[in-house]
Number of protein chains: 2
Amino acid sequence: MDNKERVVEKLKSRGLKITPQRLAIIEVLEGNRSHPSAEDVYKRLIERYPTISYATIYKTLETLCELGELMEVNIEPHKKRYDPFTEPHHHFLCVRCGKIDDIPLEEVPMPPVPDEVRDKYGIVGMCVYFYGLCPGCKN
Amino acid sequence: MDNKERVVEKLKSRGLKITPQRLAIIEVLEGNRSHPSAEDVYKRLIERYPTISYATIYKTLETLCELGELMEVNIEPHKKRYDPFTEPHHHFLCVRCGKIDDIPLEEVPMPPVPDEVRDKYGIVGMCVYFYGLCPGCKN
DNA sequence: CTACTATTTTGAATATGTTTCAAAGAACAA
DNA sequence: TTGTTCTTTGAAACATATTCAAAATAGTAG
């Protein structure tokens, strides 16, 4: 999600309404590479929108996922994170500080999935997660 | 975890006690390829051990993970699954029926991770998850 | 076999993240 | 301006996992 206007048009084209809350959430996400959780988004917004609720945050995040403008990152058990950068890439979780980094395909390629394997299992999606200690935590 | 006796010896060698609950949990896991959740294990045991508690289940599963006899499978958001088959392999989740299948490395290889990438991020672990519709659900 | 000690189990309470719900509010088309 | 439909809200409910202190037990030593 690199372009707010495109997302707004997409919402409109599906008959969805452009509310201040949705705009604010989109603004928090636009170009955001920190893989925020629902709580992260909430905390970024609660000062500007003191009545915004988690229900709205969760619902909007879900909507954006359905529109293909956002991806869930489930690298951390029991806490969904979200990624507005939807091109294929991997993720790395620092198990000490909890930071998530992208690992681009140039550094680690997607594992090749033969068509017959794809068919056999009915694969429609995949993800690769890495765990470790980030440079700052390695000391 | 293909051999209960080895796990028992490992527990003993760490000064951990062999309790009926631990034995029962190990028996449920031994050779189990269904990737059970804590609840699955609980339900398998509650009839034979009417007083067994989730606290015990969770704690024992954690202990077995620490011993390297069990692996967490976090393919399903917000629900840990466990896998006693600890050799490297991938996992597939059917998004309709929730079943988890193994995908062996012969079908999809591990993506190659260059040493410099491993160092750069401090990678110590990785996993590959696949999502789709299993044959039974594809109809 | 008995007694001791450290470990383990238990049930209840708590924590955390997410979803549901119905009422109130707001967007937007006519 | 009005009406319809969608959206937001706060509270409650839900699901999974963890913590805690008291009671129970395994394993050891005598």
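What you see is a predicted model; the values in this text were computed from it and never measured. Naming: A, B, ... by sequence-line order, numbering from 1 per chain.
- Between A/T51 and D/dT9 there is a side-chain N or O to OP1 or OP2 distance below 4.0 Å.
- At a threshold of 4.0 angstrom between heavy atoms, the contacts of A/P77 with the nucleic acid are absent.
- Which of C/dT9, D/dA17, C/dT10 sits closest to the side chain of B/I52 comes down to C/dT10.
- Between B/D83 and B/H91 the shortest heavy-atom distance is OD2-NE2, 2.9 Å.
- Following rounding to the nearest Å, B/I25 (CD1) and C/dT8 (P) show an atom-to-atom distance of 12 Å.
- Nucleic acid contact class of B/P50 (heavy atoms, under 4.0 Å, all strands): none.
- One side chain, B/D102 or B/H35, offers a donor N or O that lies under 3.5 Å from an acceptor on the other.
- One interatomic measurement links the two molecules: CD of B/E62 to C1' of C/dT8, which rounds to 14 Å at whole-angstrom precision.
- Nearest-nucleotide positions on DNA chain D for A/L16 and B/P20 put A/L16 closer to the 5' end.
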Decide yes or no on salt bridge (charged side-chain N to carboxylate O under 4.0 Å, His left out) for B/K120 and A/E107, but give the supporting numbers first. CA-CA 10 Å; B/K120 174 180 172 188; A/E107 293 190 322; 2.6 Å; yes
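- For B/Q21, no side-chain nitrogen or oxygen approaches OP1 or OP2 of D/dT25 to under 4.0 Å.
- Contact annotation: A/Y58 side-chain N/O to C/dT18 OP1/OP2 distance is under 4.0 Å.
- If you check every strand for non-hydrogen atoms under 4.0 Å, A/K79 touches sugar and phosphate atoms only.
- Atom CD1 in B/I57 sits roughly 17 Å away from atom C1' in D/dT19 (whole-Å rounding).
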Walk me through it: do A/L61 and A/L29 pass the test side chain to side chain contact (heavy atoms under 4.5 Å, CB included)? CA-CA 10 Å; A/L61 293 173; A/L29 293 173; 3.9 Å; yes
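- When the side-chain nitrogen and oxygen atoms of B/K17 are compared with OP1 and OP2 of D/dA24, none of them lie within a distance under 4.0 Å.
- Here the C1' atom of nucleotide D/dT5 and the CD1 atom of A/I18 are 15 Å apart, to the nearest Å.
- In terms of phosphate contacts, A/H78 brings a side-chain nitrogen or oxygen within less than 4.0 Å of OP1 or OP2 of D/dA17.
- At a threshold of 4.0 angstrom between heavy atoms, the contacts of A/T19 are confined to the sugar-phosphate backbone, with no base atom among them.
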Taking it one step at a time, do B/K4 and B/E30 satisfy salt bridge (charged side-chain N to carboxylate O under 4.0 Å, His left out)? CA-CA 7 Å; B/K4 181 164 95 169; B/E30 191 183 19; 5.6 Å; no
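- Taking only side-chain nitrogens and oxygens, B/T56 comes nearer than 4.0 Å to OP1 or OP2 of C/dT10.
- Between D/dT19, C/dT18, C/dG17, one nucleotide has an atom nearer to the side chain of A/E39 than all others, and that is C/dG17.
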